S.K.: 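Input: one structure, supplied below.
From a predicted model like this one, the values you see are computed outputs, not experimental measurements. Hydrogens, waters and symmetry mates play no part in the numbers below; they use all other heavy atoms, side chains included.
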Amino acid sequence: MIEISHLVKRYGDKTAVDDLDITVRPGIVTGFLGPNGAGKSTTMRTVVGLDEPTSGTVKVNGRHYAEHRSPLQEVGALLEAKSIHPGRSAFGHLKALALTHGIPLRRVEEVIGVAGLSEVAGKRAGAFSLGMGQRLGIAAALLGDPRTILLDEPVNGLDPEGVLWIRNLLTGLAAEGRTVFVSSHLMSEMALTAQNLVIVGRGRLLADTTVDRFVQDAGGNSVVVASSDPARLRGLLLGPGVDITGAAGTETLHVTGLTARAIGVVAAENGIAVYELTARSVSLEEAFMNLTRDSVEYHSTSAAERLDPAGDRSAA
Ligand SMILES: Nc1ncnc2c1ncn2[C@@H]1O[C@H](COP(=O)(O)OP(=O)(O)OP(=O)(O)O)[C@@H](O)[C@H]1O
């Protein structure tokens, strides 16, 4: 469990984290999302004592990180700044970590296997690809068999097989009752992996919710149905958990809470002709961008804006 209470972190004039209040629970994967510079890495660094909060408290498994007697066995972290000696082999790196933390060498072999690095364990870490480096970082995070795992952008640089591996690994770790807190820019990947989402922008909490709730609040999955008798169809479809909207005088209804298939069956059973039946799923990326639009610090400009910064296209 990670308990972050009124966390503030400032670097000079810059407030990287602004009064963040969240609890990351065990037994589920919690996705940590936000635009570039939102304060995700800073927050994670404070959890493992790499950054001191300006104010507020951060506890992991009930204590401040520094108060744990064997922190690597409490919290495993993959953070952006890697401290791997490039001349060392993957095995050598993990062995050195294990030796300094009283972890048996058999565990090194184990995590090398889990991370899929068995064939390259003797290779210089400096020659590793981005994806192999990520796997080594994750192996190091798991070395102490920690109850809480923090991963900053773990899918960065991984190929599709690696992305799937991470998804299964995180889900498995959570199923074992561990706390899994993972940052990512990939909303669609988080939707598949996480149950809870913490979304930040400019250091502030924007949402602390479940993936299901987030989808629902963003408009949920709906079905558009155009038919010969929308008023009668509406009456037939209405029921608990079903919401139907549609402008008067049009043949189109927007239905949430029922599948397109179920609507088609009801229409057919009641002799109503269906002209259109379209399932619409909300794009999570779109919902995320709507939520964080005002918090994005690093906007790119469109090609048109770059060509004509004054925005006066009539002169062109
Ligand atoms: N050591 C530092 N000194 C000064 N400013 C910093 C430092 N670390 C982070 N910042 C600033 O704090 C803000 C939050 O940065 P942080 O890296 O935590 O964001 P992030 O959400 O992890 O971003 P990204 O998605 O790009 O990795 C940024 O504006 C960043 O420039």
Side-chain angles (χ1 to χ4, degrees), residues 24 26-33 40-41 44 47-48 70-195:
V24 185
I28 51 171
V29 176
T30 301
F32 194 21
L33 300 150
K40 304 180 294 295
S41 303
M44 287 187 154
V47 177
V48 291
S70 43
L72 222 60
Q73 273 131 317
E74 294 289 338
V75 196
L78 168 79
L79 299 178
E80 275 171 315
K82 293 185 194 70
S83 52
I84 298 173
H85 191 296
R88 251 188 203 154
S89 68
F91 182 80
H93 170 68
L94 294 170
K95 187 177 148 192
L97 266 179
L99 286 175
T100 47
H101 289 84
I103 295 166
L105 283 186
R106 129 181 79 74
R107 180 68 187 156
V108 172
E109 302 281 359
E110 251 170 50
V111 293
I112 283 178
V114 169
L117 290 171
S118 302
E119 285 183 14
V120 294
K123 256 185 143 182
R124 260 182 358 103
F128 273 17
S129 66
L130 184 56
M132 280 153 71
Q134 286 293 86
R135 284 173 182 263
L136 179 54
I138 291 163
L142 299 178
L143 193 62
D145 200 14
R147 281 194 286 157
T148 296
I149 294 122
L150 250 82
L151 305 174
D152 198 359
E153 297 281 348
V155 296
N156 208 0
L158 291 181
D159 56 18
E161 192 264 331
V163 173
L164 182 64
W165 166 70
I166 283 279
R167 197 186 302 158
N168 292 332
L169 177 76
L170 298 185
T171 313
L173 290 166
E176 289 167 5
R178 297 174 210 259
T179 303
V180 182
F181 193 36
V182 50
S183 82
S184 179
H185 285 290
L186 299 177
M187 189 70 217
S188 51
E189 190 49 40
M190 279 298 98
L192 291 173
T193 314
Q195 287 84 55

S.K.: CG/L33 to OG/S183 distance, rounded to the nearest 0.5 angstrom?
M.R.: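 Here the rounded value is 8.0 Å.
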
S.K.: Side chains of S70 and E74 only: does a donor on one sit below 3.5 Å from an acceptor on the other?
M.R.: no

S.K.: Can you tell me how far the CG atom of L143 sits from the CD1 atom of I138, to the nearest 0.5 Å?
M.R.: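 The distance works out to 13.5 Å.
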
S.K.: For the pair E161 and R135, find out whether any cationic side-chain nitrogen is under 4.0 Å from an anionic carboxylate oxygen.
M.R.: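 Yes, this pair counts.
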
S.K.: Can you see which heavy atom on V114 is nearest to which on W165, and at what distance?
M.R.: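 Reported closest heavy-atom pair: O-NE1, 3.0 Å.
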
S.K.: Contact between T148 and F181 at the side-chain level, heavy atoms closer than 4.5 Å - yes or no?
M.R.: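 Answer no - side chains too far apart.
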
S.K.: Side chains of D145 and Q73: does their closest heavy-atom pair fall under 4.5 Å?
M.R.: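 SC-SC contact between D145 and Q73 ruled out.
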
S.K.: Kindly indicate whether the side chain of L72, heavy atoms from C-beta on, has any atom under 4.5 Å from the side chain of T100.
M.R.: no

S.K.: Does the side chain to side chain contact (heavy atoms under 4.5 Å, CB included) test come out yes or no for L169 and L142, once each step is laid out?
M.R.: CA-CA 11 Å; L169 177 76; L142 299 178; 4.2 Å; yes

S.K.: Roughly how far, to the nearest 0.5 Å, is the CZ atom of R124 from the OG atom of S89?
M.R.: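 Rounded to the nearest 0.5 Å, the OG-CZ separation comes to 11.0 Å.
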
S.K.: If you measure from OG on S129 to CG on D159, what distance do you get to the nearest 0.5 Å?
M.R.: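 Rounded to the nearest 0.5 Å, the OG-CG separation comes to 8.5 Å.
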
S.K.: Side chains of P154 and V182, heavy atoms from C-beta outward: is any pair under 4.5 Å?
M.R.: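 Yes, close enough: below the 4.5 Å cut-off.
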
S.K.: Where do V48 and L79 land on the side chain to side chain contact (heavy atoms under 4.5 Å, CB included) test, with the steps shown first?
M.R.: CA-CA 10 Å; V48 291; L79 299 178; 3.6 Å; yes

S.K.: So, for V29 and L170, which heavy atoms are closest and what is the spacing to 0.1 Å?
M.R.: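 Heavy atoms only, the tightest pair is CG2-O, 3.5 Å.
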
S.K.: So do D152 and L78 actually touch side chain to side chain, heavy atoms under 4.5 Å?
M.R.: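 When only atoms from C-beta onward are counted, D152 and L78 do not touch, as no gap falls below 4.5 Å.
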
S.K.: I'd like to check R147 versus T179 (side-chain heavy atoms, cut-off strictly below 4.5 Å). Are they in contact?
M.R.: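 The answer is no; the side chains never approach within 4.5 Å.
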
S.K.: Which atom names give the shortest non-hydrogen contact between P146 and A141, and what distance separates them?
M.R.: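 The pair with the smallest heavy-atom distance is CG-O, 3.4 Å.
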
S.K.: Report yes if the side chains of I166 and V163 come closer than 4.5 Å at any heavy-atom pair, otherwise no.
M.R.: no

S.K.: Any donor and acceptor pair, going by atom type alone, linking the side chain of E153 with main-chain N or O of S41 inside 3.5 Å?
M.R.: no

S.K.: Given side chains that start at C-beta, do those of E189 and R167 come closer than 4.5 Å, heavy atoms only?
M.R.: yes

S.K.: Could you give the distance from CD (Q134) to CG (L158), rounded to the nearest 0.5 Å?
M.R.: 6.0 Å

S.K.: Give the C-alpha distance, both sets of side-chain angles, the deciding distance and a yes or no for side chain to side chain contact (heavy atoms under 4.5 Å, CB included) between L94 and I112.
M.R.: CA-CA 9 Å; L94 294 170; I112 283 178; 3.5 Å; yes

S.K.: Tell me, please, which residues at least two apart from E176 pass salt bridge (charged side-chain N to carboxylate O under 4.0 Å, His left out).
M.R.: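 Expected list: R178.
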
S.K.: I need the minimum non-hydrogen distance between K95 and L105, along with the two atoms involved.
M.R.: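 For K95 versus L105, the nearest heavy atoms are CG-CD2, 3.4 Å.
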
S.K.: Which atoms form the tightest heavy-atom contact between F128 and V120, and what is the distance?
M.R.: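 Looks like CZ-O, 3.7 Å.
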
S.K.: Rounded to the nearest 0.5 Å, how far does CZ of F32 lie from CG of L150?
M.R.: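 It comes to 9.0 Å.
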
S.K.: I'd like to know if E110 and R107 make a salt bridge, using a cut-off of under 4.0 Å between side-chain N and carboxylate O.
M.R.: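 Looking at R107 together with E110, the answer is yes, because their closest N to O distance falls below 4.0 Å.
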
S.K.: Which atoms form the tightest heavy-atom contact between A140 and H93, and what is the distance?
M.R.: CB-NE2, 4.3 Å

S.K.: Could you give me the CA-CA distance, side-chain angles and deciding distance for I103 and V108, then say whether side chain to side chain contact (heavy atoms under 4.5 Å, CB included) is met?
M.R.: CA-CA 8 Å; I103 295 166; V108 172; 5.8 Å; no

